[in-house]
Amino acid sequence: MKFALSGVPIFNGEALLENSSVIVEDSHVLDVIADAALPHDLERIMLQGKILAPGFIDLQVNGGGGHLFNDRPTVKTIRTIAEAHWPYGTTGLLPTVITDRDDVMAEAIEAVDTAIGNEIPGVLGIHLEGPYINTRRKGVHSADWIRPPGPETQALLTSARKGWTLVTLAPEITGAGLVRELVENGVMVAAGHTEASYEEIEAAVAEGLCGATHLFNAMSQLGARTPGTVGATLELETMFATMIVDGHHVHPAAMRLAFAAKGPGRLCLISDAMPTVGTELEEFDLQGRRILRRDGRLTTEDGTLAGADLGMAQAVRNACSMIGASIEQALQMASLTPARMLGLDDERGWIASGYRADLVLIDDNDMVTGTWIGGKRVFG
């Protein structure tokens, strides 16, 4: 399978290329060359739109297509969720399980291992959001399953055999040494649902903490004498930050502050998507609680935010309209930067020779009209 995609400007991950084409061979990009240099005998597909860009990488996907990963942690659920996000340009994702029983988490890890082994398009690994979090910052997580570190759960967090594992935890709960232990066992660790002080985050970074999960939400805030997790994340250069840019989780002024501090090279867009994405659902069940969908906002009946009704394409549009990012910067935050956070920027996040042909086509309204994973068009 070898063909060229032509007709639209190409955002290669860093710069916008005009009058160029992407040559795809099998699952990878063979080359990006000037239109005039295309071989005459090569199949050429003419696209219409605004930009062809690297596919989006979403580090936090709880659900989609009417399914919640916690509710049914199976390969079938993973496939349904992944397919629900393809129309929003997502070509790589971490199915996410929030704080739950060990057996549910074990089933989720096994399902992701199997999904990767079965080559379900777009599945990169798993995000375990909990269970080592702070009850004071639990958000919608069930207090019944929040627990302190223990040998069985620690073994579980490092048990995935395929793909990448991202664990969100509260460093002040785990204490010294656990972050280093997880990192040495191949797990990426981010701070979230945490009351950690600046100093506790700084110590965790020294052990290998890579970033913060959904910046500003469910964490200690920035104060004049207590910078907290937010202050540490904004100030420490090595830290990545993920952020839910939906207009409900974070005020646009706070988004702009984060963007000014971290830049597009350290700030990642995430969906934190729930089962409503790709559906007309007005409500769903989360661990026995009724979640309501109203005007793009998901909450429990008492008003607690419960994930997001958001796809990555909308997050990109919001980054432009709410933050003031250029389309190139927004695309970088949706693809190259999360690839860097995962350590995958040597194979994803760019349109360049040798990189995976994970691509998204955006029209003049910044809507997705085509998605390719490994050179195969899965949407549009």
Side-chain angles (χ1 to χ4, degrees), residues 1-58 82-83 85-93 116 118-124 163-164 264-265 269 312-313 316 326-380:
M1 184 178 67
K2 187 176 178 180
F3 59 90
L5 298 174
S6 306
V8 296
I10 298 165
F11 178 67
N12 68 359
E14 184 176 58
L16 201 60
L17 309 177
E18 301 281 356
N19 303 313
S20 297
S21 295
V22 179
I23 301 177
V24 175
E25 185 170 35
D26 297 325
S27 61
H28 286 72
V29 173
L30 181 64
D31 206 353
V32 180
I33 65 174
D35 290 337
L38 273 178
H40 295 295
D41 59 349
L42 181 63
E43 178 187 1
R44 187 175 183 181
I45 300 171
M46 296 300 296
L47 304 175
Q48 293 184 337
K50 177 179 179 179
I51 293 176
L52 183 69
F56 304 147
I57 297 173
D58 193 345
E83 290 177 354
H85 285 266
W86 293 346
Y88 305 97
T90 298
T91 61
L93 75 161
I116 294 173
N118 292 348
E119 298 184 347
I120 292 180
V123 182
L124 302 179
W164 288 259
L269 303 180
M312 286 294 281
V316 168
S326 67
I327 185 61
E328 293 90 347
Q329 291 170 325
L331 292 171
Q332 184 178 350
M333 291 188 287
S335 185
L336 179 56
T337 306
R340 282 178 173 153
M341 183 170 169
L342 290 178
L344 289 174
D345 53 316
D346 59 344
E347 61 179 70
R348 300 170 192 265
W350 295 90
I351 300 180
S353 178
Y355 281 74
R356 281 184 55 87
D358 292 350
L359 310 167
V360 58
L361 178 64
I362 298 172
D363 68 13
D364 290 336
N365 297 313
D366 296 333
M367 302 292 287
V368 172
T369 57
T371 305
W372 291 258
I373 300 180
K376 297 180 180 179
R377 192 162 188 166
V378 296
F379 170 73

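Positions are given from 1, in the same order as the sequence printed here.
- Using a 4.5 Å heavy-atom cutoff, the side chains of T91 and V360 are not in contact.
- Applying the side chain to side chain donor-acceptor pair (under 3.5 Å) rule to pairs touching residues 42-56 yields S6-R44, K50-D366, sequence neighbours excluded.
- Judged as a side chain to side chain donor-acceptor pair (under 3.5 Å), and not counting sequence neighbours, the contacts of D58 are S271.
- The side chain to side chain donor-acceptor pair (under 3.5 Å) check on R348 picks up D358, with sequence neighbours excluded.
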**Request:** Please test I33 against I23 for side-chain contact (heavy atoms from CB on, under 4.5 Å), starting from the C-alpha separation and ending with a verdict.
**Result:** CA-CA 8 Å; I33 65 174; I23 301 177; 3.7 Å; yes

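- D363 places a side-chain N or O within 3.5 Å of a backbone atom of N365 that can act as its donor or acceptor partner.
- Residues S21 and D35 have side chains that bring a donor and an acceptor to within less than 3.5 angstrom of each other.
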**Asked** Between V24 and L30, does a side-chain contact (heavy atoms from CB on, under 4.5 Å) hold up when you go through it step by step?
**Response** CA-CA 5 Å; V24 175; L30 181 64; over 6 Å; no

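- With rounding to the nearest 0.5 angstrom, the CD1 atom of I362 is 10.0 Å from the CZ atom of F11.
- Here the CD1-CZ distance, from I57 to R340, works out to 11.5 Å after rounding to the nearest 0.5 Å.
- M1 CE to S27 OG: the interatomic distance, rounded to the nearest 0.5 Å, is 7.5 Å.
- Contacts of E83 classified as side chain to side chain donor-acceptor pair (under 3.5 Å), with partners at least two apart in sequence or in another chain: none.
- In this structure, CE in M312 is found 5.5 Å from OG1 in T90, a value given to the nearest 0.5 Å.
- Proximity of a side-chain donor or acceptor of Y355 to a complementary backbone N or O of D345 within less than 3.5 Å is detected.
- Taking both residues in full, the closest heavy atoms of L331 and F56 are given as CD2-CE2, 3.6 Å, listed atom of the first, atom of the second, then distance.
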Run the side-chain donor-acceptor check on residues 367-380: report pairs under 3.5 Å with partners two or more places apart or on a different chain.
residue, atom, partner, partner atom, Å
T371, OG1, W86, O, 2.8
R377, NE, F379, O, 3.3
R377, NH2, T369, O, 3.1

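- Each of V29, I45, I10 was evaluated against L5; a single residue qualifies, I45, per the side-chain contact (heavy atoms from CB on, under 4.5 Å) test.
- One N or O on the side chain of N12 and one on the backbone of E14 form a donor-acceptor pair closer than 3.5 Å.
- Heavy-atom minimum distance, A4 versus L38: CB-CD2, 3.9 Å.
- Residues G349 and S335 come closest through the heavy atom pair CA-OG, 3.5 Å.
- Minimum interatomic distance between A82 and P121 (heavy atoms only, all atoms of both residues): CB-O, 4.1 Å.
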**Request:** List the steps and the verdict of side-chain contact (heavy atoms from CB on, under 4.5 Å) for L93 and L124.
**Result:** CA-CA 6 Å; L93 75 161; L124 302 179; over 6 Å; no

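- I51 is not listed as a side-chain neighbour of L361, based on a closest heavy-atom distance of 4.5 Å or more.
- A donor-acceptor pair under 3.5 Å links the side-chain atoms of T337 to the main chain of P264, judged by distance alone.
- For Q329 (side chain) and S326 (main-chain N/O), a donor-acceptor pair under 3.5 Å exists by modelled atom type.
- With sequence neighbours excluded, no residue forms a side chain to side chain donor-acceptor pair (under 3.5 Å) with D26.
- Rounding to the nearest 0.5 angstrom, the gap separating the CG atom in L52 from the OG atom in S20 is 11.0 Å.
- The two atoms that bring L336 and G13 nearest to each other are CD2-O, 3.5 Å, heavy atoms only.
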